[in-house]
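In what follows, a structure is listed as structure tokens, so that the remarks can point back to it.
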Protein chains: 2
Amino acid sequence: MTGPAQSGSRRKPQERALRRKEALVEAAVTLLGEGGFTAVTHRAVAERAGIPLAATSYYFTSRDELVARAFAVLVERDLRLMRASLTEEAGIGSLVELAQTLLHAYASDRGRQLGLWELYLQAGREPELQDIARSWTDGWHDIVRTLLERAGYACGASEVRFLATLVSGLWLELLVEDRPGSLDRAGEMVARALRAISA
Amino acid sequence: MTGPAQSGSRRKPQERALRRKEALVEAAVTLLGEGGFTAVTHRAVAERAGIPLAATSYYFTSRDELVARAFAVLVERDLRLMRASLTEEAGIGSLVELAQTLLHAYASDRGRQLGLWELYLQAGREPELQDIARSWTDGWHDIVRTLLERAGYACGASEVRFLATLVSGLWLELLVEDRPGSLDRAGEMVARALRAISA
DNA sequence: ACAAAAACGGTACGCTCGTCCCACTTTAGT
DNA sequence: ACTAAAGTGGGACGAGCGTACCGTTTTTGT
């Protein structure tokens with residue numbers, strides 16, 4: 001029942017337990033990408049992680065907590081991945097190309113991205129997810145900021161928001177309806193936004 | 001079981017049946033707004049519509065079909081509402097004010113909007129919903145186009161996409177995380193986008 | 001060594017879900 | 001008037017769900 005693992009701990013948690021808990025979150029993340037929010041069930045997660053069913057209730061007091069944890073991990077990982085591909089390719093080509101690289105990287109991981117947006121949207125209904133959703137937005141804005149700074153653009157908070165929001169919209173539309181030529185048009189729009197900022 | 005109501009109909013459907021089917025869709029729309037995608041169950045819909053459970057299976061071959069129908073209705077209604085508030089207020093103030101009016105109207109119907117986006121996102125996984133999702137985007141673009149034309153802006157397909165996508169992103173962010181001052185910042189960004197277009 | 005706490009895992013409860021079955025009533029074409 | 005189709009609705013089935021129970025094993029502080 002109520003797992004004493006994460007509540008009032010009078011002893012330090014064991015190492016294997018931490019690994020198992022991590023494995024559960026990992027399985028939840030995978031399942032979220034494969035089948036969306038509804039696919040993340042206790043049984044599916046347990047089976048995917050190779051761990052008995054009861055363990056999921058032991059490590060997480062509820063399914064919501066497990067989902068929230070998966071959301072947080074997914075956001076963190078997403079931001080890290082974005083930062084990584086950003087530092088790698090900096091200075092190679094134009095910002096537009098970089099944006100396309102980012103968008104392309106996302107398209108290769110469609111299921112995971114859909115799951116992430118799904119959880120983001122869920123945050124609109126469940127206050128417990130709000131903070132994570134905001135941290136995603138904030139992190140993304142930070143990335144856009146450093147990107148603009150590095151390229152020598154003027155970037156107050158307003159400019160950053162402008163570009164970040166546009167790319168988010170672009171990216172979501174690209175993800176849901178993948179129409180032919182969307183990528184090119186996306187690049188075109190980013191270019192237009194950059195012109196608007198530099199002016 | 002398999003309802004012969006919508007398949008090979010050798011007789012014309014009865015009027016009461018049509019009303020009931022409509023009532024079911026209406027209930028589904030409401031429930032979607034209240035509790036999101038997962039709240040639209042056969043039982044909940046039937047109860048809300050004041051109709052026995054079995055009827056939901058009679059009129060719709062599956063839950064997915066019911067949800068898809070609700071999605072279509074929601075999109076159509078949403079576009080109509082937007083067009084309406086658009087013709088009403090045209091010429092009153094600036095485009096920025098108009099955008100704020102639109103965004104404000106949406107905020108007043110938060111649950112419904114969240115449900116709509118939820119279904120839009122779901123379209124990324126279920127091909128049956130793709131067409132509806134695209135018709136939403138297309139309809140929205142049309143609205144932005146007439147809006148721009150009326151205000152005397154140059155509006156090729158590129159300009160329309162630019163503004164429409166930006167506002168979509170704005171709008172979603174406003175909906176999920178409602179941070180203080182978001183509305184003002186949204187107006188600011190729309191103004192910037194319009195400057196970018198007119199230039 | 002020994003208790004206490006943590007970890008473990010098989011199992012079961014209670015519930016809700018989508019869907020189906022089937023007997024019944026109403027409607028409409030002839 | 002008759003008959004076949006359409007409509008109706010109570011009930012049930014099987015599956016999957018979140019979660020709790022509880023005896024067992026392992027770890028840990030003393």
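Side chains are part of it too, since the values below use all heavy atoms of this structure and drop only hydrogens, waters and symmetry mates. Each chain gets a letter, A, B and so on, in the order the sequences are listed, and its residues count up from 1. Everything quoted here is computed from the prediction, not taken from an experiment.
In this structure, A:L53 atom CG and D:dC21 atom P are separated by 15 Å, rounded to whole Å. Per the geometry, CG belonging to B:L18 stands 15 Å off C1' belonging to D:dT8, to the nearest Å. Summarising the geometry, the separation between CZ on A:F60 and C1' on D:dC17 is reported as 18 Å, rounded to the nearest angstrom. Rounded to an integer number of Å, the gap from CD of A:E47 to P of D:dG16 is 11 Å. B:K21 places its NZ atom 13 Å from the C1' atom of D:dA6, with the value rounded to the nearest Å. In this structure, CD of B:E15 is placed 13 Å from C1' of C:dT27, rounded to the nearest angstrom. If you take CG of B:L24 and P of C:dG18, they are 13 Å apart, rounded to a whole angstrom.
Which of C:dT19, D:dT19, D:dG9 sits closest to the side chain of B:S57 comes down to C:dT19. Residue A:A54 places its side chain closer to C:dG10 than to any other of C:dG10, C:dA12, D:dG7. Out of C:dT19, C:dG9, D:dG9, the shortest distance to the side chain of B:R63 is found at C:dT19. Checked against C:dA7, D:dG11, D:dT8, the side chain of A:A17 finds its nearest nucleotide in C:dA7.
The residue A:S62 sits close only to the backbone: its heavy atoms come under 4.0 Å of sugar-phosphate atoms, none of a base. B:I51 comes within contact range of no nucleotide atom at all, as no heavy-atom separation falls under 4.0 Å. Among the heavy atoms of the strands, none lies under 4.0 Å from A:A55.
Counted within 6.0 Å of CD on A:E126, heavy atoms from surrounding residues, nucleotides or ligands total more than 12; the atom is thus considered enclosed. With a 6.0 Å radius and a threshold of 12 heavy atoms from other residues, nucleotides or ligands, B:R69 has its CZ atom at or below the threshold.
Cation-pi check for B:K21 over B:Y58 is not met; the charged atom does not lie both under 6.0 angstrom from the ring centroid and within 45 degrees of its normal.
When atom types are taken as modelled, the side chain of B:R185 and the backbone of B:P180 share a donor-acceptor pair closer than 3.5 angstrom. Although no hydrogens or angles enter the test, the distance criterion places no donor-acceptor pair under 3.5 Å between the side chain of A:R83 and the main chain of A:D78.
Side-chain nitrogen and oxygen atoms of B:Y58 include at least one within less than 4.0 Å of the OP1 or OP2 phosphate oxygen of D:dG7. Side-chain N/O atoms of B:R20 include one lying less than 4.0 angstrom from OP1 or OP2 on D:dT8.
In this structure, A:R192 pairs ionically with B:E159, as a charged nitrogen and a carboxylate oxygen lie closer than 4.0 Å. Between B:R134 and B:D131 there is no salt bridge, since none of the side-chain N atoms of the basic residue sits less than 4.0 Å from a carboxylate O of the acidic one.
Contacts of residues 122-132 of chain B with DNA chain C (heavy atom under 4.0 Å): none. A heavy atom closer than 4.0 Å to some atom of DNA chain C occurs in B:V40, B:T41, B:H42, B:R43, these being the qualifying members of residues 25-46 of chain B.
Put simply, the residue from A:W136, A:F37, A:F71 that forms a ring pair (Phe, Tyr, Trp, His ring centres under 6.0 Å) with A:W117 is A:W136.
With contacts defined as side-chain heavy-atom distances shorter than 4.5 Å, the pair B:I132/B:Y120 does not qualify.
Judged purely by distance below 3.5 Å, without hydrogens or angles, the side chains of A:R48 and A:T30 never pair a donor atom with an acceptor atom.
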